[in-house]
Amino acid sequence: MALITEITPTAATTNYDQDIFMTSELPPKKLLIVDDSKVSRMIIRARVLAIYPHWEILEASNGPEGIASAKEHLPNFCTMDINMPGMLGTEAAEIILQEIPQVRVVIFSANIQESFQDRASAMGAIFVAKPITEKSIAEALNYFMG
């Protein structure tokens, strides 16, 4: 009778183990993008999915839609423009944070007045200046994942 002294993984078992690892990960993260600019939403979506292809991306074009979507889908993360018709993004972000305190919010805006930056900080969000670029999205993702 032969005694097996060493077991080496085969390509099949190694791939199988990796597949189990990939499918047993935590549920994908959800990102809510709230911006009245469709172009900004598309850029953020494309860049995030290029890095995190399994994330679920939700979109809203104004504050009230963003609040409703956040309550329904409970996102992990939210990007929020400030200047939108009907309701400022800072108001919408405050409501979302009251309802879902664990959500991480990034305020994206071309309006770089210190008062908006201070308000974002006071509510527990961070402020990232527009335009939406690879660098600004990376800053947001670092905050989300940090």
Side-chain angles (χ1 to χ4, degrees), residues 7-146:
I7 298 175
T8 56
T10 65
T13 60
T14 303
N15 289 340
Y16 176 74
D17 291 341
Q18 288 172 349
D19 289 344
I20 287 176
F21 176 74
M22 294 302 288
T23 57
S24 66
E25 288 182 6
L26 297 173
K29 302 292 185 190
K30 293 180 189 176
L31 169 63
L32 172 60
I33 304 167
V34 185
D35 199 312
D36 60 326
S37 165
K38 185 172 184 169
V39 171
S40 291
R41 293 193 314 267
M42 288 172 36
I43 292 169
I44 295 169
R45 169 188 282 276
R47 185 68 191 139
V48 169
L49 288 176
I51 299 168
Y52 298 107
H54 299 295
W55 279 19
E56 180 180 347
I57 307 294
L58 311 161
E59 293 186 24
S61 62
N62 59 52
E65 283 180 14
I67 293 165
S69 184
K71 288 180 180 179
E72 180 181 348
H73 299 286
L74 303 174
N76 304 96
F77 314 119
C78 176
T79 64
M80 180 76 67
D81 184 27
I82 290 180
N83 294 318
M84 294 182 288
M87 175 186 278
L88 288 176
T90 47
E91 294 172 33
E94 286 176 336
I95 293 168
I96 290 170
L97 284 164
Q98 288 170 359
E99 298 283 330
I100 313 164
Q102 69 275 15
V103 69
R104 293 186 139 216
V105 177
V106 169
I107 304 290
F108 273 118
S109 184
N111 189 338
I112 59 169
Q113 294 176 33
E114 191 172 331
S115 61
F116 285 115
Q117 295 178 40
D118 291 345
R119 188 168 178 189
S121 181
M123 74 174 80
I126 67 163
F127 182 92
V128 177
K130 279 187 171 181
I132 301 292
T133 63
E134 191 171 317
K135 182 179 177 185
S136 63
I137 295 168
E139 188 176 341
L141 290 172
N142 285 336
Y143 172 69
F144 291 156
M145 302 309 287

Please name the pair of heavy atoms, one in Ile132 and one in Ser40, separated by the smallest distance, quoted to 0.1 Å.
CG1-OG, 3.9 Å

Note: Asn62 and Pro85 closest approach over all heavy atoms is CB-O, 4.2 Å

For the CD1 atom of Ile100 and the CD1 atom of Ile95, what is their distance to the nearest 0.5 Å?
11.5 Å

For residues 115-128, which residue pairs pass the salt bridge (charged side-chain N to carboxylate O under 4.0 Å, His left out) check, not counting sequence neighbours?
Glu94-Arg119

In Å and rounded to the nearest 0.5 Å, what is the CE to CD1 distance from Met123 to Ile107?
5.0 Å

Could you tell me which non-hydrogen atom of Ile96 sits nearest to which non-hydrogen atom of Cys78, and how far apart they are?
CD1-SG, 4.5 Å

If I take atom CZ from residue Phe127 and atom OG from residue Ser121, how far apart are they, to the nearest 0.5 angstrom?
12.0 Å

Indicate the ring-plane relationship of Phe144 and Trp55, choosing parallel, tilted or perpendicular according to the 30° and 60° boundaries.
tilted

For Gln102, does the CD atom sit with more than 12 other heavy atoms under 6.0 Å from it, leaving out its own atoms?
yes

In short, salt bridge (charged side-chain N to carboxylate O under 4.0 Å, His left out) pairs touching residues 73-92 with sequence neighbours left out are Asp81-Lys130

In this structure, CG of Asp36 is separated from CD1 of Ile82 (nearest 0.5 Å) by 12.0 Å

How many angstroms lie between CD in Glu65 and CG in Leu58, if you round to the nearest 0.5 Å?
12.0 Å

Shortest non-hydrogen contact from Gly124 to Tyr143?
O-OH, 3.1 Å

If only atom types and distance count, is the side chain of Arg47 paired as donor or acceptor with the main-chain N or O of Glu134 below 3.5 Å?
no

Closest approach of Ser61 and Arg41, non-hydrogen atoms and distance?
CB-NH1, 3.5 Å

On a heavy-atom basis, which atom in Ala129 and which in Ser136 lie closest, and how many Å separate them?
O-CB, 4.0 Å

Quick one, Phe108 and Ile44 - any side-chain contact, counting heavy atoms below 4.5 Å?
yes

Evaluation steps, side chain to side chain contact (heavy atoms under 4.5 Å, CB included), between Thr79 and Leu32
CA-CA 6 Å; Thr79 64; Leu32 172 60; over 6 Å; no

Which value, rounded to the nearest 0.5 Å, describes the distance between Leu49 atom CG and Ile57 atom CD1?
4.5 Å

